[in-house]
2 protein chains.
Amino acid sequence: MKKAVSTRLSILQKSFELIYTHGYQATSIDTIIATTNVTKGAFFYHFKNKDEMGLAVINEIMYPLMYADFVKPLLSSNDPVHDIYKMMHYLLLENEFLLKKYGCPAGNLTQEMSPVNQLFSQALSKLTTELKEAMQIALKKGKDSGSIKSGINEEQVALFVLSGYWGIRNFGKLSDDNDCYIVYLEELKSYLKNLEKN
Amino acid sequence: MKKAVSTRLSILQKSFELIYTHGYQATSIDTIIATTNVTKGAFFYHFKNKDEMGLAVINEIMYPLMYADFVKPLLSSNDPVHDIYKMMHYLLLENEFLLKKYGCPAGNLTQEMSPVNQLFSQALSKLTTELKEAMQIALKKGKDSGSIKSGINEEQVALFVLSGYWGIRNFGKLSDDNDCYIVYLEELKSYLKNLEKN
DNA sequence: TGTAAAGAATACTAATCGGTATCTTTTATG
DNA sequence: CATAAAAGATACCGATTAGTATTCTTTACA
């Protein structure tokens with residue numbers, strides 16, 4: 001039982017890396033098993049086909065990661081404007097796994113797979129909806145505590161901010177330095193500042 | 001000479017559609033020739049390989065399209081805040097070619113190909129840079145004419161707005177109605193309004 | 001009109017794809 | 001320890017991939 005679990009997990013981990021850096025459709029099963037100590041027999045014992053593995057990557061790897069990196073800090077925030085900025089700063093300039101060149105794992109997969117596979121679309125939709133709602137909750141708390149203007153619409157703001165994040169990660173792919181992230185963060189800062197009561 | 005040009009163009013047109021809706025790597029040459037009146041011999045007469053064709057799609061189809069849809073309206077704008085909003089509204093809710101489900105052609109291709117192929121990255125970088133600069137010029141004109149606050153940084157604003165566009169088009173892929181576009185546009189409107197002198 | 005080059009058609013290749021069939025090894029449990 | 005099921009290994013399959021080789025047809029122009 002122990003070994004099997006670790007085999008399965010190592011497939012998912014390596015697949016996640018490969019999908020993140022090369023895309024889902026460009027990641028072949030042969031490549032996955034070639035870069036892990038796993039044979040094809042083992043792969044198809046754990047997953048009935050490639051798509052089932054892809055969905056497991058979303059649900060078992062990406063979802064927990066997203067929850068830790070985004071949702072948790074947002075839900076525990078008492079100063080949403082400050083914490084949203086801090087989170088974005090961390091994701092764009094500090095996080096060592098999310099390489100500039102490769103964008104956002106969830107954003108990439110959404111773009112590639114949602115028009116093609118409905119199950120992927122559903123899994124990714126759940127992931128992003130949860131994230132958006134966490135940000136809305138944080139913003140609502142800011143409104144209630146009086147730090148944020150009562151006139152703002154938290155759904156609008158959450159969608160606006162997250163769109164910006166996905167978009168700038170795409171811009172980041174085109175440049176080889178962090179300049180565009182710095183420029184983006186400056187404008188994000190002033191946008192967020194404008195949400196605050198002064 | 002006439003016929004050859006039209007053959008080449010029909011390859012590019014159809015390829016653009018297929019790449020837009022299915023992605024570059026998922027679009028096979030066999031599919032392209034099967035959906036056009038073009039044989040493999042003709043394809044490889046006009047393009048020495050698939051990547052050369054892909055680059056031609058960027059430079060000869062996407063670039064002119066982007067220029068007409070984005071750059072031109074921006075450069076001729078005398079009311080940038082109003083015209084940027086109008087442009088986004090058009091792109092998200094009115095344009096009949098850009099289907100919600102399939103995102104933004106340039107955004108898609110950037111995400112898929114820029115980490116993988118440097119020539120694609122360069123061609124797409126040129127395209128987006130030109131677009132960003134057009135928006136900066138429009139914003140600068142607004143500053144000079146006094147309709148926009150002198151304190152804003154037009155590079156920041158341009159990058160912020162375009163990131164939001166790419167991002168929301170990715171969100172759009174996950175939903176089957178236009179609601180997220182409408183929510184996004186509301187917040188964009190209030191963001192842009194805040195750039196104006198009042 | 002003759003002819004060379006441009007353009008297009010057809011048949012093929014080696015490599016790679018996702019997946020299957022079959023077999024062997026490991027593990028849990030009576 | 002016996003044995004059945006879980007887990008993994010190996011060899012293979014048909015389909016598809018980008019690309020090539022070769023032949024045929026059309027076009028431009030002397």
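Throughout, a chain's letter reflects where its sequence line sits, starting with A, and its residues are numbered from 1.
What separates NZ of B:K40 from P of D:dT16 is a distance of 12 Å, to the nearest Å. The distance between atom CZ of A:F47 and atom P of C:dT20, rounded to the nearest whole Å, is 16 Å. As a whole-Å value, the separation of A:I29 CD1 from D:dT17 C1' is 16 Å. Rounding to whole angstrom units, CD1 of residue A:I33 and C1' of C:dG18 are separated by 11 Å. The interatomic distance linking A:D51 (CG) with C:dC17 (P) rounds to 16 Å, in whole Å. In this structure, A:L9 atom CG and D:dG8 atom P are separated by 13 Å, rounded to whole Å. Atom CG of A:D30 and atom P of D:dT10 are 14 Å apart (whole Å). Rounded to whole angstrom, the span from the CD1 atom of A:I32 across to the P atom of C:dG18 amounts to 8 Å.
Residue B:T7 places at least one side-chain N or O under 4.0 Å from the OP1 or OP2 atom of C:dA8. Between B:H46 and C:dA6, a side-chain N or O to OP1/OP2 separation shorter than 4.0 Å is absent.
In terms of polar N and O atoms assigned as donor or acceptor, the side chain of B:K50 never comes within less than 3.5 Å of the base of D:dG19 in a complementary pairing.
Nearest to the side chain of B:A42, among C:dA9, D:dG8, D:dA7, sits C:dA9. When distances run from any side-chain atom of B:F44 to the nucleotides D:dA6, C:dC17, D:dG19, the shortest one goes to D:dG19. Distance from the side chain of B:S28 is smallest for D:dA18 among the nucleotides D:dA7, D:dA9, D:dA18.
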Any chance you could lay out the salt bridge (charged side-chain N to carboxylate O under 4.0 Å, His left out) test for A:K193 and A:E196, step after step, and finish with the verdict?
CA-CA 5 Å; A:K193 199 182 176 70; A:E196 289 183 308; 5.1 Å; no
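Contact annotation for B:N49: backbone-only contact, meaning every heavy-atom pair under 4.0 Å involves sugar-phosphate atoms and none involves a base. Across all strands, A:T39 comes closer than 4.0 Å to base atoms (heavy-atom distances).
Between A:F160 and A:Y191, the ring-plane angle classifies as tilted under the 30° and 60° cut-offs.
With respect to A:E154 and A:K143, a salt bridge is recorded, a charged nitrogen being found less than 4.0 Å from a carboxylate O.
Summarising the local packing, NZ of B:K149 is surrounded by more than 12 heavy atoms from other residues, nucleotides or ligands at distances under 6.0 Å. No more than 12 heavy-atom neighbours from other residues, nucleotides or ligands sit within 6.0 angstrom of CD on B:Q118.
If you find the closest nucleotide of DNA chain C to A:Y24 and to A:G41, the one lying nearer the 5' end belongs to A:Y24.
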